[in-house]
Every structure is written in C-alpha cells, then in structure tokens.
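The block underneath contains the structure these notes are about, expressed in structure tokens.
This one's a predicted model, so the numbers in the text were calculated from it and none came from an experiment.
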Amino acid sequence: MLLRQLEYLVALARERHFARAAAACFVSQPSLSAAIRRLEHELGVPIVRRGRRYEGLTPEGEVVLAWAHRILAERDALHQELSALRGGLTGTLRLGIVPTALPAASLLTTPFCERHPGARVSLESLSSADITHGLAEFELDAAMTYLDDDALRHVRRFPLYEERYVLLTPVDGPLATASTASWSRAADLPLCLLNPRMRNRRIIDECFAADGATAVPTIESDSVAGLYAQLPDGRWSSVISHAWLHMFGVPEGMRVVPLEGPAHGPRVGLVVARDDPPSVLAEALLKVARDAGVRDALDALLTSYLGAGRS
C-alpha cells in the first residue's frame with residue numbers, strides 16, 4: 001500500500017468527483033482511478049461504489065477512509081517532529097476558525113509565524129460543525145471556536161477570550177451619548193446584524209430576548225466584513241463582539257456604546273484533537289497561545305475605544 005493511494009482516496013471522498021479529485025492531486029483521472037483500484041485489490045475489499053459517476057464509499061471504504069486520515073496525519077506528524085529536531089519547525093498549520101473569531105486570529109498567527117519562520121499557516125473560515133468534522137478526520141491541526149459546543153469531543157480546550165457585546169451606532173443617533181444602552185433600546189434602532197445561521201447571531205438574539213425584546217434587522221449579512229461594509233453609511237447600528245474591533249475598529253462617524261447585561265458572553269478558545277502522538281504544529285500553537293494574552297489585548301482595545309468615545 002502506498003501513501004499516495006491513500007491521498008487519492010481522501011481527495012475523492014472530499015471532492016465526491018473523480019475528475020475534481022484528480023485535479024486536486026495533480027494527476028490524470030485514469031491514474032487516480034487505477035491507484036484506487038489497486039488499493040482495493042491489495043486490501044481485498046471494494047472501497048468505492050461505482051456507477052456512471054461517483055456514488056460514494058462502501059461500508060468497507062468508510063473504514064479504509066478513516067484509517068487513511070489517521071495514517072496520513074501520523075506521517076505529517078512524523079515529518080513535523082523530525083523538522084523540530086533538526087532545529088526548526090516546518091510544515092503547514094491547518095487552522096479552522098469560526099467566522100466571528102477570524103478578526104482576532106492574527107493575535108495568534110503573527111506570533112506563531114515569528115516564533116517559527118519555517119512554518120506556514122493555512123486558515124479556513126468554517127462553521128462549528130465543519131470544525132468538529134475537520135478535527136475528527138485529521139483535516140485540521142487546531143481550531144478557534146466556541147468552547148461550549150457540545151459536539152466537540154476528544155479535544156483539548158484552551159480559553160482565549162470571552163465575547164463582550166457592544167453597540168456600534170452613528171454619532172448623531174439617539175443612543176450615541178449614552179454611557180450604556182439596554183438591549184431593548186438597541187432593538188428599536190435600524191439594525192444591521194449577522195444572519196440567523198451564524199452562531200453569534202443566535203447568541204445575540206438570546207440576549208435581546210432576555211431583555212424582553214426581539215431584533216428585526218433591516219440588513220443581514222453572512223460575514224463580519226459584509227456587516228461592517230454597511231456601517232459607514234451612517235444610518236445603521238449593529239451589535240458586535242469586541243473582538244471584531246481588533247481588525248475593523250470603529251467606522252468613522254460611529255461610536256461604541258456598552259450594552260447592559262452579562263459582563264462576558266460565550267468563551268472562544270483554541271481546540272486541538274487528543275492525538276497520540278500529538279501534532280507538533282498544534283502543540284507549538286498552544287505554546288504561543290499561552291503567551292499571547294489574547295483576552296487582555298482585546299479588553300485593552302475595547303477600553304481604549306470606550307475612552308476615545310467619551311473624550
């Protein structure tokens with residue numbers, strides 16, 4: 001059995017199409033198909049359900065795929081550990097991040113790259129479900145996500161910060177001069193929010209409901225960048241996590257107003273799979289996270305914006 005055959009199988013399962021899998025592996029489709037047939041012959045089991053097109057894996061194929069992920073992950077871990085012994089970590093750290101944590105990612109990735117100049121980082125914006133799948137299938141080394149996700153199992157958790165929610169509102173708006181604002185009063189403003197499919201929006205809706213209000217935004221976005229793109233117009237207000245200020249700041253003509261309620265929201269943190277042996281790259285990222293002071297950096301940033309708004 002060749003590792004390359006396992007790589008082809010993993011690509012086929014991911015792409016669910018022979019031609020796309022071949023393109024992803026930089027080989028011809030006949031070469032990929034022949035390699036998988038050889039793998040079936042060597043193992044003595046059917047792996048792929050074939051018809052006029054790719055129809056999925058057989059039950060035996062699903063077992064082989066799980067082992068393929070594990071074997072390839074351990075090969076990568078071997079290369080990483082050997083590179084570390086040679087004096088410098090190399091390889092690519094595969095980091096999945098829920099979209100609402102992306103603005104704070106550089107607080108980890110920048111010091112990681114500075115500490116390990118021979119390594120690279122591949123960032124993927126993923127849903128919580130995709131992160132859970134990616135860790136289980138050895139497609140990710142680590143992830144930044146909500147730590148209270150019940151679907152996360154067999155992982156180690158490292159808290160980074162607690163989301164703190166604030167109101168971004170135009171400087172000439174009715175709440176611009178308030179020292180704090182209630183969720184119910186914020187609900188009466190013309191709002192731009194993330195769409196309900198986003199975990200962050202569902203959390204925010206719970207906060208509105210706890211204050212007896214329901215937010216009915218005029219504009220909804222499926223990304224933080226899309227939401228921020230609407231704000232310079234000067235008409236809309238939004239409820240954001242304070243972590244977003246690290247990347248996007250406060251648009252001109254707007255002010256940050258603290259929202260009344262819990263001082264802290266859900267925890268966002270770093271999660272890595274409980275592998276044995278552990279991923280060298282994931283362990284290196286955890287060491288960076290312990291020194292990064294993400295929570296303190298974000299809290300200090302929020303304090304500076306609140307102070308600027310009062311001056």
Within the 3.5 Å criterion, strictly below it, is a donor on Ser28 or Ser31 matched to an acceptor on the partner's side chain? yes

Check whether the side chains of Ser182 and Glu260 place a donor and an acceptor atom closer than 3.5 Å, and report yes or no. no

Heavy-atom pair with the smallest gap, counting every atom of Cys192 and Ser238: O-OG, 2.7 Å

What heavy-atom pair brings Ala24 and Glu15 nearest, and what distance separates the two atoms? CB-OE2, 4.3 Å

Do the rings of Phe248 and Tyr228 sit parallel, tilted or perpendicular, given the 30° and 60° boundaries? parallel

Would the distance check show the side chain of [X] and the main-chain N or O of [Y] forming a donor-acceptor pair, the cut-off being under 3.5 Å?
{"X": "Trp183", "Y": "Leu259", "value": "no"}
{"X": "Trp244", "Y": "Thr100", "value": "yes"}
{"X": "His116", "Y": "Ala119", "value": "no"}
{"X": "Arg120", "Y": "Thr92", "value": "no"}
{"X": "Arg235", "Y": "Gln230", "value": "no"}

Check the pair Arg75 / Glu7 against salt bridge (charged side-chain N to carboxylate O under 4.0 Å, His left out), numbers first and verdict last. CA-CA 11 Å; Arg75 175 205 59 184; Glu7 291 175 343; 2.5 Å; yes

Given salt bridge (charged side-chain N to carboxylate O under 4.0 Å, His left out), test Glu139 with Arg14 step by step and report yes or no. CA-CA 10 Å; Glu139 295 171 356; Arg14 182 182 65 246; 5.9 Å; no

same_hphob_cluster([X], [Y]) at 4.5 Å side-chain heavy-atom cutoff:
{"X": "Leu168", "Y": "Val171", "result": "no"}
{"X": "Ile204", "Y": "Val216", "result": "no"}
{"X": "Val45", "Y": "Tyr54", "result": "yes"}

Rounded to the nearest 0.5 Å, the CZ atom of Arg164 sits from the OG atom of Ser241 at a distance of 10.0 Å

Identify whether the distance between the nearest side-chain nitrogen and carboxylate oxygen of [X] and [Y] falls below 4.0 Å.
{"X": "Arg50", "Y": "Glu40", "result": "yes"}
{"X": "Lys287", "Y": "Asp291", "result": "no"}
{"X": "Arg197", "Y": "Glu220", "result": "no"}

Can you find a pair of side-chain heavy atoms, one from Ile240 and one from Leu245, that are under 4.5 Å apart? yes

Check: Leu2 and Tyr8 side chains under 4.5 Å, non-hydrogen atoms: no

Establish, yes or no, whether the cationic atom of Arg199 lies under 6.0 Å from the six-membered ring centre of Tyr146 and within 45° of the ring axis. yes

Please walk me through it: do Asp211 and Arg185 pass salt bridge (charged side-chain N to carboxylate O under 4.0 Å, His left out)? CA-CA 9 Å; Asp211 201 24; Arg185 291 193 67 190; over 6 Å; no

Using the rule given for salt bridge (charged side-chain N to carboxylate O under 4.0 Å, His left out), can you reason through Arg295 versus Glu162, listing the C-alpha separation, both sets of side-chain angles and the distance that settles it, and then say yes or no? CA-CA 7 Å; Arg295 178 188 290 106; Glu162 298 81 27; 2.9 Å; yes

